[in-house]
2 protein chains.
Amino acid sequence: MQPVERFDPAGLEILDERECLRLLRSVAVGRLVFTQGGLPAVRLVNFGLDGDTIVFASGGGEKLRAAERGDVVAFEVDDIDAERHFGWTVTSVGHLSVVAPDEAALLERTMPLRSWAPLRNRRLIRLGTESLTGRRLPG
Amino acid sequence: MQPVERFDPAGLEILDERECLRLLRSVAVGRLVFTQGGLPAVRLVNFGLDGDTIVFASGGGEKLRAAERGDVVAFEVDDIDAERHFGWTVTSVGHLSVVAPDEAALLERTMPLRSWAPLRNRRLIRLGTESLTGRRLPG
């Protein structure tokens, strides 16, 4: 049986959770959208998936503080072909948390998590997916 | 005289406003980060620059409502080479507004603003840049 295709008011295809998770697995870099000093901020992060949760490494700084506070954040991945006007975007929304040291040690052995820059006080941060949504421009 | 190079605590190069604006001009698609039902949401948009303000087209829906409310939002563009571990990201933060019809008509003649899908009630939305920040991974 074919899945029911759905489109939003702008004509973009609404992707189901299974397709969102598949696309999330297909890329290595995403954009963490969080709040810094009350204003929205975006940072590129390399990430891995542990089940349906997103895991990435961080040194100190604003990302770690957001995780310690348990902030609700968004994490976006996409693939765009601006020339051919084709693309998709998937966004996960949920709470950040700091991964406990023993669990982090286990994840570091099984998951290749490069950071964009050398980190002095490397910690792992987890985003527990509570909402997973996506859109695709029909080709 | 060489500009002073600056790096953030994670070792990423902090880009000045002039470089951010240059990079913003180099791409056609960005990510609008706004709030939908109290949660962060991300949408891909084709955009143009009118001075240092970001202009894009929208039909009705959440983006237009955010503009009518004058929401503070973020708009992110980037270029990533995940294989070679190289990239930059630029984020503009400011208030959204709906462009008045006569000004929109003028902009539509001078700026190629494709939307990702056909729009029934096409309106132009402007993001007035109040903060422009960027990071680059030193190659």
Side-chain angles (χ1 to χ4, degrees), chain A residues 7-13 27-31 33-44 46 58-63 71-83 85-94 114-121 130-131 133-138, chain B residues 7-13 27-31 33-44 46 58-63 71-83 85-94 114-121 130-131 133-138:
Chain A
F7 295 89
D8 72 7
L12 301 181
E13 184 188 352
V27 291
V29 180
R31 296 158 197 90
V33 180
F34 62 113
T35 303
Q36 190 171 13
L39 290 174
V42 182
R43 291 288 179 275
L44 299 177
N46 284 290
S58 173
E62 287 295 333
K63 289 199 291 281
D71 280 4
V72 173
V73 302
F75 188 83
E76 191 259 4
V77 296
D78 59 45
D79 192 16
I80 306 171
D81 186 332
E83 291 299 312
H85 214 235
F86 173 83
W88 57 262
T89 170
V90 167
T91 300
S92 163
V93 173
R114 288 192 302 181
S115 57
W116 281 75
L119 301 176
R120 266 175 231 144
N121 302 303
E130 291 155 34
S131 147
T133 56
R135 297 284 188 278
R136 180 161 45 207
L137 187 76
Chain B
F7 296 88
D8 72 6
L12 300 181
E13 184 188 352
V27 291
V29 179
R31 296 158 197 88
V33 180
F34 63 114
T35 303
Q36 190 172 13
L39 290 174
V42 182
R43 291 288 179 275
L44 300 176
N46 283 289
S58 173
E62 288 295 334
K63 289 199 291 281
D71 281 4
V72 173
V73 302
F75 188 84
E76 192 260 3
V77 296
D78 60 45
D79 191 16
I80 306 171
D81 186 332
E83 290 299 313
H85 215 236
F86 172 84
W88 57 262
T89 170
V90 167
T91 300
S92 163
V93 173
R114 289 192 301 181
S115 59
W116 281 75
L119 301 176
R120 266 175 231 144
N121 303 302
E130 291 156 35
S131 147
T133 56
R135 297 283 188 281
R136 180 162 46 207
L137 187 76

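A note on names: the letters A, B, ... follow the listed sequences, proteins ahead of strands, and every chain is numbered from 1. Note that this is a predicted model, so its numbers are computed, not measured.
Chain A forms more heavy-atom pairs under 4.5 Å with one residue of P40(B), A28(B), G61(B) than with any other, namely P40(B). Ranked by non-hydrogen atom pairs under 4.5 Å with chain B, the options V90(A), T91(A), T133(A) are led by T91(A).
Checked against side-chain hydrogen bond (donor to acceptor under 3.5 Å, both in side chains), D79(A) has no partners two or more places apart in sequence or in another chain. Applying the side-chain hydrogen bond (donor to acceptor under 3.5 Å, both in side chains) criterion to T89(A), with sequence neighbours excluded, gives E76(A).
In this structure, the portions of V42(B) lying under 4.5 Å from any heavy atom of chain A include both its backbone and its side chain. At a 4.5 Å heavy-atom cutoff, the contact between V33(A) and chain B is made by side-chain atoms alone. Contacts between V73(B) and chain A at a heavy-atom distance below 4.5 Å involve the backbone alone (N, CA, C, O).
In this structure, CG on L44(B) lies 4.5 Å from CD1 on I80(A), to the nearest 0.5 angstrom.
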